[in-house]
Amino acid sequence: MKRNPLALIAANPLMGVFIALVIIFAISIAASPHFLTGYNMSVIARALAFVGLITIGQAMLMILGELDLSLGVIGGLCGVVAGMAMTSGGLPPIVAIPACLLLGAMLGALNGLLVSILKLHSLVLTIGTAGVFGGVNLVLTKGVAITGMPPEIQFFGRGEVYGIPVPFIIMLVVLAIAVFITAKTPFGRFMYAIGNNVAAAEMLGIKVNRIRVLVFTMAGLLAALAGLLMVARLGTAQPSIGETWVLAPIAASVIGGVATTGGVGSPLGAIFGASIIAIIENIIVLFGVSPYWQGVVSGVIVVLAISFDSASRRLIRKES
Amino acid sequence: MVYLEAQKLGRDFPGVRALDEVSITLTLGRVHILAGENGAGKSTLVKLLTGSDTPSQGSIRIDGKDPWQHPEIFETISYVPQELTLFPHLSVAENLFMPFWRSGHGRRVIDRKGMERDAKEYLDRFAIEARPGDLVRQISVPDQQLLQIARASTNRNMKVLILDEPTSALTATEVERVFSVIRDFRKAGLAVIFISHKMDEIFEIGDDYTVLRNGREIETGQIGDCSESELIRAMSGKALKVDDDFRPRGTKTDRVPLLSVRELSGKRFENVSFDLFGGEILGFAGLVGSGRSEVMQTLFGFLRAKSGSAELEGRKWKLGDTSFSVAQGMLYLSEERKHHGILPLLSLRKNIGISILDRTAGRFGISARKESAEVAKVIRDYDIKTDSMGKRISLLSGGNQQKAIIGRAMATSPRVLIFDEPTKGIDVRTKAEIYRIMRDLAERGVAVILISSEMEELRKCASRIITMHAGTTTGEFQTENTTNETLVAAIFGKESASHEA
């Protein structure tokens, strides 16, 4: 029997976005001689690392049926708090960094607890907490960047191992853990169950609130990690860190097959989606498009990618 | 007069022929029964007749025309699905006349007064108690069910009305309301398709019938020329003894109860006490809304208890925590399969696998091999029909979903199992299978609670029946020496009934 290529995509939903990624990669190679160079690849990888960490957290929340719009702000706040602790606070990085990761985890947990206890919609709640966390950031920094970071942390932001940027390696390690959790552990199965049907999950005896709080905590932790790596890369703690980490991770997850309504998808797909966005943004720069137009172009391409994806999904459904 | 004629309809999906050479003729002024087990192809056929899906083979003629040339003709066919598809936050009148332009209640601005006035007419005709201005989420489930039918009939061009199990959530009096409406439609010269699993309803309301099995047309004819057992045989493919006794055998005199519930109160019920013994099927009878489901959901921990206590084997039972209940071996199988049972986007394998992760997960995560083996066993043991265990559970038929949920529960070796209306919307043969499963469980020592509004079902399966009315228990009866009348009196709140037992 001849195998229908669509059936192959239907069998593994990751195939669709992976093929799209390969096609876009190939087009980019053909389109610009500057694309496939070691330097440009490491530029893309570095950009992908930060937004990728947020994307992994956001994708896991979306699988659960939740969203956290404050992840970017948590990253920014944890970055500046770490910056202040290591400069004016005089704390060594070995103390400041874990403390700020813990802070991120706690802010994430706070979101999860409020959603669970007050039974609030996470989208609405985190618009509120994002305002609070962002406000605290500005109160602390008064909008001014903190300079004079200890040089030893720069390795985590700027360093390379065998030519691969360190933040990218960290992101890949986190991704591997996230994929293992979601695909292979009971905890991950429970996440999908909750995202599918909260009432049914509760009837199966799944501790819904505990899992929800834990996933919010993980997402907060990853946001703090992204913020700290960004500080390490810039060498200064900018209050504006994380401003662009809100919508791109959600778009990346949707492109990668994670539904905003929960219950399906994988962090790996979300990272494929984030890669597509990162490549598109990169190729726009290589073509010398005015920076003022970049938002427009990348926005249009994201909408196209999502429409293409949903159209192909409908086609698959019709076929089967 | 023949209005709709479908010839040798077929519908193929990759790997499956869902419908194969099915013909059906609808005559105005007659009620056509569409019968068949779950997964027989009834829904597929209905989709083709309403134009929401296109046939792979065959032809349809409606009013002498080819509907694919004249798609507007599909507007003469109204379909009322089994599930409620109303807008809960809109008013009764708004639900009736949505979309407003069709009913002439405003193309740009909604004429609310006129709409509510016209709604009154429909509400009276269908004997719906709600007022036009009430929000749909505040009215009773039977009213919602009738409102759905009323909504379909606001279509002035309607010639064919398709009712998909309209009575599954209704009590006898409410069924009578639906039937009088159907009779009016018949008198007014409409063709009605009536899908139901209930034999008494089929014989009361039907004129013609078509039986489907495995996507094929098995038999067609007039209800008057056919008997109940013939119809069941046509549906199931074999003669089936319907009135079997499924009560578990075994003695349970002078034994301590496995579970005792004392003065439990919660949302919509007060002061419920009862004992449950291992090895028995305890029936809970009551009308929809009498509080029987709420009692069990509260005991299970899904709903919050106001007061009261329970003990399992003499140890205190923790209320309000489903994961405690599951860990102690209590499972509750809800009548709301869609809302409380299945994980719709996940595969059959993951749906069943979710309850046996303690056996399939090791240090390196869930073993796909172990899980597949365990799930394959459940699929085999409970005769779940699917082409693969990777298939999304929402694509299986209702009966197979139910079997998957029961199989999943069994795989955890429970000690107390609560079945809430387990045969709602389930065909006759699968019903018998479910009764058998319950009996086997009880005979292995599991304590089973069966909630049902069908007296026959309770008498067939339960050795002891507790009746409920308006949130309180009204009696406890031994099935053997209790008449149907006594039970019915008790669920309608005749307190004196319990003294006769």
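In this text the structure is predicted, and so the values were computed from the model without any measurement. Each chain gets a letter, A, B and so on, in the order the sequences are listed, and its residues count up from 1.
Contact of Glu371(B) with chain A is made through the side chain alone, with heavy-atom distances under 4.5 Å. Neither the backbone nor the side chain of Phe187(A) comes within less than 4.5 Å of any heavy atom of chain B.
Heavy-atom minimum distance, Lys184(A) versus Ala368(B): NZ-N, 4.3 Å.
Residues passing the side-chain contact (heavy atoms from CB on, under 4.5 Å) test with Pro344(B), sequence neighbours excluded: Asn196(A), Asn197(A), Ile342(B), Ser394(B). Contacts of Glu374(B) classified as side chain to side chain donor-acceptor pair (under 3.5 Å), with partners at least two apart in sequence or in another chain: Arg359(B).
Interface residues of residues 115-127 of chain A toward chain B, defined by a heavy-atom distance below 4.5 Å: none. At a heavy-atom cut-off of under 4.5 Å, chain B is reached by Ile206(A), Lys207(A) from residues 206-225 of chain A, listed in order of number.
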side-chain contact (heavy atoms from CB on, under 4.5 Å) between Met203(A) and Glu336(B), intermediate numbers included: CA-CA 11 Å; Met203(A) 293 241 171; Glu336(B) 300 282 346; over 6 Å; no
Derivation and outcome, side-chain contact (heavy atoms from CB on, under 4.5 Å), residues Val326(B) and Leu204(A): CA-CA 7 Å; Val326(B) 171; Leu204(A) 287 166; 6.0 Å; no
Worked verdict on Leu345(B) versus Tyr192(A) for side-chain contact (heavy atoms from CB on, under 4.5 Å): CA-CA 9 Å; Leu345(B) 304 172; Tyr192(A) 285 98; over 6 Å; no
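A side chain to side chain contact (heavy atoms under 4.5 Å, CB included) with Pro186(A) is found for exactly one of Asp358(B), Thr360(B), Leu357(B), namely Leu357(B).
The number of heavy-atom neighbours closer than 6.0 Å to CZ of Arg268(B), taken from other residues, nucleotides and ligands shown, is 12 or below.
For the atom pair OG of Ser355(B) and CZ of Arg189(A), the computed distance is 11.5 Å after rounding to the nearest 0.5 Å.
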